[in-house]
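Here is the structure we will look at, set down as structure tokens.
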Amino acid sequence: MSKKSASVWTSIPFWRRSAAWVTGTATVLLIWLTFDTMGQIAMGSDADLEKGIKHRIPAASVINYHIDYVMDEKRGHEVPVIGEKEPFFGKEWSNQEAADLLHLGKLASQAKNCMNCHTLLGNGAYYAPDLTKAWLDTKWNDGTMTGITGKETKEEAMAEFLMHPSRYPTHARMMPNLGITKKEAVALVAFLKHMSSIDTNGFPRNFSQSAKRLEGGTHAH
Amino acid sequence: MLTSAHLKYESQKLAMNYFRVAIVLFGAQLLMGLIAAIQFLYPGFLFELFDFSVARMVHINALVVWMLFAMIGSVYYMIPDETGEEAVAIGLGKLAFWVLTAAVTVVVLVYIFIQVGSASETTIWFINEGREYLEAPRWADIGIVVVVLIFYWNVFATYMKGRRTGIMTVMVANLFALAGLYLCGMFFTDNISMDQYWWWWVIHLWVEATWEVFVGTLAAYALIKILGAKREIVEMWLWIEVLMLFGSGILGLGHHYFWIGTPEYWWEIGALFSALEPVPLVAMFVHVLYDWGKEQGHCEAKGNAHAINNTPAMAWIAANAFGNFLGAGIWGFFHTLPQVNIYTHGTQFTAAHGHLAFFGAYATILIGMMYLAVQGAYGVKTMKMTFKTKMSLFLIIFGVLGMTVALTIAGYEQVLVERADLGGGWDAFFIAQELPWYVQAQAWRLVMGLVTFAGFVYLAWDLLTIGKVTATEEAAEGMAAQAA
């Protein structure tokens, strides 16, 4: 448009100013919301866990507790519930040990490139099952995998599976052997158990119902 | 694509180098995609030799990197046209090109031959970071930052020295944001929610904000080059698009924060702003078609047949107008509301949207820029579509649309069976994967992937030959005119 515009709607300076203001406002809002979210998704402390104070992401020592995923009527979806203490690989881990284990597990999940087959919190590839609540999956709880691997507890079965996945196939699409050591496998299980305690606003939906549905045979298989 | 003989500026010659590497990486992306598609149907294919995780990682990384190369190439190509100046630090720019190409080669070789490492910082530094799209090991992260800084210096300093058009102003501001955001993805944390929160700052704010604005600037530049569109009108549109793209895209980030441990208020923010995200894509669509129609009308009024001096480039830019709206806008909107997303998140719906959106919004316009560069490189006045151009356009578009529809059907089946009915556990996942709807959809995806690859072969062939063929024809016509 020429310098003297017939209307504001055809004026470049008007649109340039508007673009700058809208972008600036959106950015400021995003930064403000980020500060609030950072507070809410910071990992909780071990002391809070002892006292039963809830955090969206609990401390690493949550691996010492029983975790469940149950319907919350008020929120209208399932939420993680942290229950009584239960041994993890046969013992209670100190705060420092638990933190170190989670650190190693998260590193292992990246080093072994889990996300390019599985999804974590729903993000990643879709070639293998979602791992968000894998710790709570019926497959580990109903005796299937403990039976196949010949292990006593589900954490031991999970670790055994991670070390020799193609030895225990559950489907034609198998997990490859990624050279996961015993130590890394234990850490990965801790990482999975910790992830299952994250409050994901009800994702995956109806997860705790899956066992009942599968027994009932409501699907066309 | 094999010559840069007619380019006056070193900056544009450097652009040709970037385009050449981009096209090679595009081919690599498609090959890796084919391997991954085969593995969905025949899980034993290359099992424990070249697993799905590796094929898929190289597939998505090659995508990001070829687009990065083509984007940098596009900017180096337009700098002299827009500013009237040679890029200020062209020697450094050339060095950066070779460093980047060498680094990408090393990273890909490590991905392919070493694949995974032990759970240690060494793996994060030297093999891969294992974070979708941002797998580049940390040494390469730092290298990329250095290369991008050199590139940005070239753009910024040249802009300051030369003519400051509206298009270049948007480009300079946008590239600053694009480069800065990469830093958000360069740290390690034990808290996976925190990890994904910042990861999305890179991925979403790139793809759904800065890259879209980038596409807007390229479209503006290309319309001026191809149609002779009036700069003032194009630039006014560009500012409106920037307003709407950033206005919706920045807070549209919220649609990734529904289920990763972040607070519930992101449901409303994400739903509102991501529902607005298709609006600027409609604007871009209208804008391109408006300018095309208007300039064509002017031409016909003057008694000339065609406003377009490069039909292959214009065809790809028109494909961009449609593809961006359809792939990013419609297919994105399909699953953007939390009420829907709780069922569709992490299913093949995402893959369907991803395929059409990356192709429609980015691949198309970058291919258009390549044709524009080939026209310049061979000094061709008017470039017309060849048989190969038409074949590549048809096969690639048909192939990608086919893959998208197939994956949408697969995702639909997953939503009904795996999510709504069975609740999304391990058994639910595999039951859904075995049903005929899903398996047939994956088979069609593979077929359509092959169609796309055939289209790519035509595309590469055309880019290599069209310049020389057209230049020879124009020379012959010139001789004939002189003789007459």
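Just so we're clear, the structure is a prediction, and the values are computed from it rather than from any experiment. Here is how names work: the chains are called A, B, and so on, in the same order as the sequence lines, proteins then strands, and each is numbered from 1.
The shortest distance between side-chain heavy atoms of A:M175 and B:D51 does not fall below 4.5 Å. Side-chain contact check for B:F52 versus A:N116: every heavy-atom pair is 4.5 Å or farther apart. Taking 4.5 Å as the limit, every side-chain heavy atom of A:W21 sits out of range of all side-chain heavy atoms of B:L243. Using a 4.5 Å heavy-atom threshold, the side chains of B:T350 and A:Y126 count as touching. Side-chain atoms of A:N113 and B:E129, non-hydrogen and from C-beta on, never get closer than 4.5 Å to each other. Between A:T37 and B:Y197 the shortest side-chain heavy-atom distance falls below 4.5 Å. Taking 4.5 Å as the limit, some side-chain heavy atom of A:Y127 sits within range of a side-chain heavy atom of B:P43. Within the 4.5 Å cutoff, no side-chain heavy atoms of B:R419 are placed close to those of A:F207.
For A:A111 against B:A119, the heavy-atom pair with the smallest separation is CB-CA, 4.0 Å. Across all non-hydrogen atoms, the minimal contact from A:A19 to B:V242 is CB-CG1, 4.1 Å. Residue A:D137 comes nearest to B:W426 through the heavy atom pair OD2-N, 2.8 Å, listed as atom of the first residue, atom of the second, then distance. Shortest non-hydrogen contact noted between A:P204 and B:G423 is CB-O, 4.1 Å.
Of the listed residues (B:I124, B:L253, B:T347), the one with the most heavy-atom contacts under 4.5 Å to chain A is B:T347. Ranking A:A125, A:A108, A:A172 against chain B, the residue ahead of the rest is A:A125, based on heavy-atom pairs under 4.5 Å. Chain A forms the most heavy-atom pairs under 4.5 Å with one residue out of B:D190, B:N341, B:L416, B:T122, and that residue is B:D190. With chain B as the partner, the residue from A:L188, A:L120, A:L33 showing the most heavy-atom pairs under 4.5 Å is A:L33. Your options are B:G247, B:P263, B:G346, and the one with the most heavy-atom pairs under 4.5 Å with chain A is B:P263. Put simply, of A:L104, A:T132, A:L107, A:T25, the one with the most heavy-atom pairs under 4.5 Å next to chain B is A:L107. Residue with the most contacts toward chain B among A:C114, A:A187, A:A42, A:P129: A:P129 (heavy-atom pairs, distance under 4.5 Å). Among A:N177, A:L178, A:T181, the residue making the largest number of heavy-atom pairs under 4.5 Å with chain B is A:N177. Among B:E241, B:Q39, B:Q348, B:Q414, the residue with the largest count of heavy-atom pairs under 4.5 Å with chain A is B:Q39. Note: B:S118 leads B:A209, B:S118, B:S248 in heavy-atom pairs under 4.5 Å with chain A. The most heavy-atom pairs under 4.5 Å with chain B, out of A:D36, A:L136, A:L29, A:T27, come from A:D36.
For B:Y42, no part lies under 4.5 angstrom from a heavy atom of chain A. Only the side chain of B:T123 comes within less than 4.5 Å of a heavy atom of chain A; its backbone N, CA, C and O stay farther away. Heavy-atom distances place the side chain of A:F191, and not its backbone, under 4.5 Å from chain B. Of the atoms belonging to B:A351, heavy atoms from both backbone and side chain fall under 4.5 Å from chain A. Neither the backbone nor the side chain of B:L238 comes within less than 4.5 Å of any heavy atom in chain A. Neither the backbone nor the side chain of B:Y133 comes within less than 4.5 Å of any heavy atom in chain A. Residue A:A60 does not touch chain B at all, counting heavy-atom pairs closer than 4.5 Å. Heavy atoms closer than 4.5 Å to chain A are found nowhere in B:T169, neither backbone nor side chain. Contacts between A:H77 and chain B at a heavy-atom distance below 4.5 Å involve the side chain alone, from C-beta outward. Using a 4.5 Å cut-off between heavy atoms, A:I57 touches chain B through its side chain atoms alone. Only the side chain of B:D195 has a heavy atom closer than 4.5 Å to any heavy atom of chain A. If you measure heavy-atom distances from B:S120 to chain A, the contacts under 4.5 Å come from the backbone alone. If you measure heavy-atom distances from B:L205 to chain A, the contacts under 4.5 Å come from the side chain alone. In this structure, the portion of B:E135 lying under 4.5 Å from any heavy atom of chain A is its side chain and not its backbone. Neither the backbone nor the side chain of B:L245 comes within contact range of chain A; no heavy atoms are under 4.5 Å apart. The part of B:F47 that comes within reach of chain A is its side chain, from C-beta onward, which places non-hydrogen atoms under 4.5 angstrom from that chain.
Between the A:N201 side chain and the B:T262 main chain, a donor and an acceptor come within less than 3.5 Å of each other. Of the possible polar contacts, one joining the B:N191 side chain to the A:I41 backbone as a donor-acceptor pair under 3.5 Å is found. Panel note: side chain B:E132, backbone A:M115; no donor-acceptor pair is recorded below 3.5 Å.
Other residues, nucleotides and ligands contribute only 12 or fewer heavy atoms inside 6.0 Å of the CZ atom of A:F35. With a 6.0 Å radius and a threshold of 12 heavy atoms from other residues, nucleotides or ligands, B:W198 has its CH2 atom above the threshold.
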Notebook entry, point to check: Taking it one step at a time, do A:R75 and B:E264 satisfy salt bridge (Lys or Arg N to Asp or Glu O under 4.0 Å)?
Noted result: CA-CA 10 Å; A:R75 291 179 66 186; B:E264 285 98 329; 2.8 Å; yes
Note to self: Set out, in order, the CA-CA distance, both residues' side-chain angles and the distance that settles salt bridge (Lys or Arg N to Asp or Glu O under 4.0 Å) for A:R173 and B:E434, then state yes or no.
What the structure shows: CA-CA 11 Å; A:R173 204 182 297 161; B:E434 279 169 8; over 6 Å; no
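Ring centroids of B:F188 and A:H103 are separated by less than 6.0 Å, placing the two rings close together. Checked against the 6.0 Å centroid criterion, the rings of B:W237 and A:W15 do not qualify as a close aromatic pair.
Inspection of the B:Q196 and A:N123 side chains reveals an N or O donor paired with an N or O acceptor under 3.5 Å. Judged by distance alone, the side chains of A:S166 and B:E48 do bring a donor and an acceptor atom under 3.5 Å apart. Between the side chains of A:S18 and B:W239, no donor-acceptor pair of N or O atoms lies under 3.5 Å. With hydrogens and angles left out, the side-chain atoms of B:Q433 and A:H171 include no donor and acceptor closer than 3.5 Å.
Rounding to the nearest 0.5 angstrom, the gap separating the CD1 atom in A:I198 from the CD1 atom in B:I260 is 9.5 Å. Note: A:K139 NZ to B:F429 CZ = 13.0 Å, rounded to the nearest 0.5 Å. With rounding to the nearest 0.5 angstrom, the CG atom of B:N128 is 9.0 Å from the CD atom of A:Q110. Here B:Q339 contributes atom CD and A:R205 contributes atom CZ; the two are 10.5 Å apart, rounded to the nearest 0.5 Å. A distance of 6.5 Å separates OH in B:Y257 from OG1 in A:T34, rounded to the nearest 0.5 Å. Between the CD1 atom in B:I192 and the CG atom in A:L121 there is a gap of 5.0 Å [rounded to 0.5 Å].
The salt bridge (charged side-chain N to carboxylate O under 4.0 Å, His left out) search around A:K112 returns A:E184, not counting sequence neighbours.
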